S.K.: 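To start, I am sharing the structure in question, which I have written as structure tokens.
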Amino acid sequence: MSSFYSKDRVTDEKKAKQTYKLIKGILRSPSVSKQIIPIMIISLAVGFIFSVDLTGLKIGIIVLALPTFIAGLLTKPLINAFKGDISIRRSLFVTLTGLNIIAIAAIIYRIINTFTQAPLTFTLILAYSITIWIRHAVLITAASPHHLRVLAGSLIQALIGYFAIYFLLGMTIKETFAMYLITIIMVISIVLLVETFRIPFKKNFGIDPIAILKYMKDHLTKGRKGGTRELEKIGYKFGVPIDVYVGSLSFKRNDNSIKVSMVVPYVHPGPFGYVGGSDLPSKLSASLQDITPNIMVAHSTTTHDYNPVADAECEKIATELRGIIANTKFSNKISHFVRHQEDGNINMAAQLFGDSVLFTFTSAPHSTDDIDFGTGFNIITNAKNQVEQALMIDAHNSLRKNARLYEGSVYISTNKSYRMMNAAKVALEKAKKTRANKIKAGYAEFDNFKIHEGFGAKGIQVLLLETGAGRKIQRTAYILYDGNNMLPGVREKIHNEIKELVDEAKIMTTDNHAVNYTPSGYNPIGFSCHIDKIINITKKLVEEAIDDLEPVSVGINTGFVKNVYVFGHEASAKMASVIFCLLYTSPSPRDLSTSRMPSSA
């Protein structure tokens, strides 16, 4: 396939990641305590810009500071009274933003005043009227997508400011008329602008872009309970039904209970936060607890096109997996864990379980990101010519911060894709030469991490396998970190620290998108949590898993889940483009003075 195909997909995924970072930038607001002093300083400074005397002090306190504080406190109850939603810190921050607009007007007034006599009262009226425009643009995306529900909140700072101007400076009939006229113009113009902004999105995509921003704000500030249901409803409008390939690698004790099951659903654990497939390891584990508490959810070879649109779609997958595990054919036959490496960035591993095979792949220490379904399923299909069942896992375990996406991503028909297919064939042949008839399995986990450390709820899980007998015993650790990729070098350090405990180790991450709650959206394993802590816990878990070793039988089983709604390539591109463009063109209370329209939007 031409390089154009890869760049097209890379652009979509890049937009998805940039979208997350842009939303975070828009949503950040300082605490109330951190806004009090800036309000006082700006108010007094602006007052003295208007007039360097006692009048300036009065303007700073009465016309600027008091209206700012009062409007900041009243915005929240006014918004809530009309069924909107905004926090006190955000309402105060929006008001502080309005104060900054007045500060700009003061500077302009002072410059003009050096050449001619500028009208002070009219300047203040005009400055306060501009806050209506700014506040409405912000509140309609942050508090409620309905104009009438935020109108009172949009007007409150200007109305209090007008009253303060009248109280301190008075108003002539002309100034009073100008106040009413400018206020009406500001309200009508911002409403028309917002509606003009909405029309093309509603016409082309059938959605309200302002509502999307509101729901995303709710979700990213409130977590699971904020905006999730609304965002998933929108997801169904974009989503397309597909048949999802799923599989499990399960280990059964002698009493027929399932000791541990590693499941591989061929959907992507996104798009962000807790929406749809995000936090997939926790969702599937919770649904499969009746089978075994030890569920490992590995990252399959899929991209963002395969993000489930809602929790209900994840539940469909869990239901099918329950039947797949129950109908697994178990065996004592197994092979050793083998690798085949080529040219540094091709590292394919294979291990036979019964008459089936598990492949795992990494490009580490080079950047390794998503592998598309076409490549993975091609490897699976080719393997099924020689084995009964096959699974393919993307280890997803090395990504530098500023890596270009195509450095680690793999797309069907590219050179790297073909090389992976060939490496899988070689690895399978190697594995077939190391057959054994004895297997033991041990399991350990640690989940006491905070999400800001880069770990999801499943923490670290270790599956320890002992294969063969006598001098041909091999111990292999499958170590799964519930996070989104891994800082370069972390994988190698972990390998080095546990090499005395095991013969082989496969270091993997789940690609859990719920951990990306950082301003940059970059939070791989080892970035926020100190590497020594990760290594020490991992080493202890490997030791615990060794102590937990017991005889088991093993089996791989696969199947398809019908009609799972995912975003799909076309829908993924559409939604990323919609949000990406509207975020760049929508006003942010953190940056209202500069345009954020990209040249390509």
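Small disclaimer: the values here were computed from a predicted structure and weren't measured.
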S.K.: Looking at Lys316 and Glu313, is any side-chain nitrogen of the basic one under 4.0 Å from a carboxylate oxygen of the acidic one?
M.R.: yes

S.K.: Donor-acceptor pair, distance only, cut-off 3.5 Å: does the side chain of Arg135 make one with the backbone of Gly153?
M.R.: yes

S.K.: Indicate whether the side chain of Asn512 and that of Asn484 have a donor and an acceptor atom separated by less than 3.5 Å.
M.R.: no

S.K.: Side chains of Asn100 and Thr97: is there a donor and an acceptor less than 3.5 Å apart?
M.R.: no

S.K.: Would you say Lys493 has more than 12 foreign heavy atoms packed within less than 6.0 Å of its NZ?
M.R.: no

S.K.: Please tabulate, one pair per line, all N/O donor-acceptor pairs under 3.5 Å involving side-chain atoms of residues 538-546, not counting sequence neighbours.
M.R.:
from	atom 1	to	atom 2	distance (Å)
Thr538	OG1	Tyr481	OH	2.8
Thr538	OG1	Ile534	O	2.7

S.K.: Quick one: pull up SG in Cys314 and CG in Leu280 and give me the separation to the nearest 0.5 Å.
M.R.: 5.0 Å

S.K.: Let me confirm one number: the OG-CG distance from Ser398 to Asn347, rounded to the nearest 0.5 Å.
M.R.: 11.5 Å

S.K.: Could you state the interatomic distance from CD1 (Ile39) to NZ (Lys34), rounded to the nearest 0.5 Å?
M.R.: 14.5 Å

S.K.: Under 6.0 Å from the CZ atom of Phe446, do we count more than 12 heavy atoms belonging to anything else shown?
M.R.: yes

S.K.: Could you verify whether a donor N or O on one side chain and an acceptor N or O on the other, from Lys416 and Ser363, lie under 3.5 Å apart?
M.R.: yes

S.K.: Does any part of the side chain of Phe251, heavy atoms only, come nearer than 4.5 Å to the side chain of Leu463, both counted from C-beta?
M.R.: yes

S.K.: Distance alone, cut at 3.5 Å: any donor-acceptor contact between the side chains of Asp305 and His268?
M.R.: no

S.K.: Which distance, rounded to the nearest 0.5 Å, do you find between the CE of Met392 and the CZ of Phe361?
M.R.: 6.5 Å

S.K.: Does Asp548 reach the side chain of Leu464, with side-chain heavy atoms less than 4.5 Å apart?
M.R.: no

S.K.: Between Ser287 (side chain) and Leu284 (backbone), is there a donor-acceptor pair under 3.5 Å?
M.R.: no

S.K.: If only side-chain N and O atoms count, and only distance matters, is there a donor-acceptor pair under 3.5 Å linking Thr75 with Arg90?
M.R.: no

S.K.: Between Thr360 (side chain only) and Ile393 (backbone N and O only), is there a donor and an acceptor less than 3.5 Å apart?
M.R.: no

S.K.: Are the charged groups of Glu504 and Arg475 less than 4.0 angstrom apart, N to O?
M.R.: no

S.K.: Any donor-acceptor pair under 3.5 Å linking the side chain of Ser91 with the backbone of Ile88?
M.R.: yes

S.K.: With sequence neighbours left out, what residues match Ala71 under side chain to side chain contact (heavy atoms under 4.5 Å, CB included)?
M.R.: Thr95, Ile156, Gln157, Ile160

S.K.: Please check if the side chain of Thr292 supplies one atom and the backbone of Asn294 the other of a donor-acceptor pair under 3.5 Å.
M.R.: yes

S.K.: Would you say the side chains of Gln351 and Tyr478 form a donor-acceptor pair under 3.5 Å?
M.R.: yes

S.K.: Is it the case that the side chain of Asn307 and the backbone of Gly277 share a donor-acceptor pair, with hydrogens and angles ignored and the cut-off at 3.5 Å?
M.R.: no

S.K.: Using a 6.0 Å cut-off, check whether atom OH of Tyr245 has over 12 heavy atoms from anything other than its own residue.
M.R.: yes

S.K.: With distance as the sole test, does Glu453 use its side chain to make a donor-acceptor pair with the main-chain N or O of Ser528 at under 3.5 Å?
M.R.: no

S.K.: Measure the NE2-OG1 distance between His396 and Thr510 for me, rounded to the nearest 0.5 Å.
M.R.: 8.5 Å

S.K.: How long is the gap from NE2 on His299 to CG on Asp394, to the nearest 0.5 Å?
M.R.: 4.0 Å

S.K.: With ring-ring contact (aromatic ring centres under 6.0 Å, His included) as the test, would you mind laying out the steps for Tyr266 and Tyr306 before giving the verdict?
M.R.: CA-CA 8 Å; Tyr266 284 76; Tyr306 286 73; 9.0 Å; no

S.K.: Indicate yes or no for a side-chain donor-acceptor contact from Asn536 to the backbone of Lys533 under 3.5 Å, with no hydrogens or angles considered.
M.R.: no

S.K.: With the side chain counted from C-beta on, respond yes when Lys506 and Thr362 share a heavy-atom pair under 4.5 Å apart, and no when they do not.
M.R.: yes

S.K.: Are any side-chain N or O atoms of Thr302 and backbone N or O atoms of Val267, one a donor and one an acceptor, separated by less than 3.5 Å?
M.R.: yes

S.K.: Give the minimum heavy-atom separation between Pro293 and Lys458, together with the two atoms involved.
M.R.: O-NZ, 4.5 Å

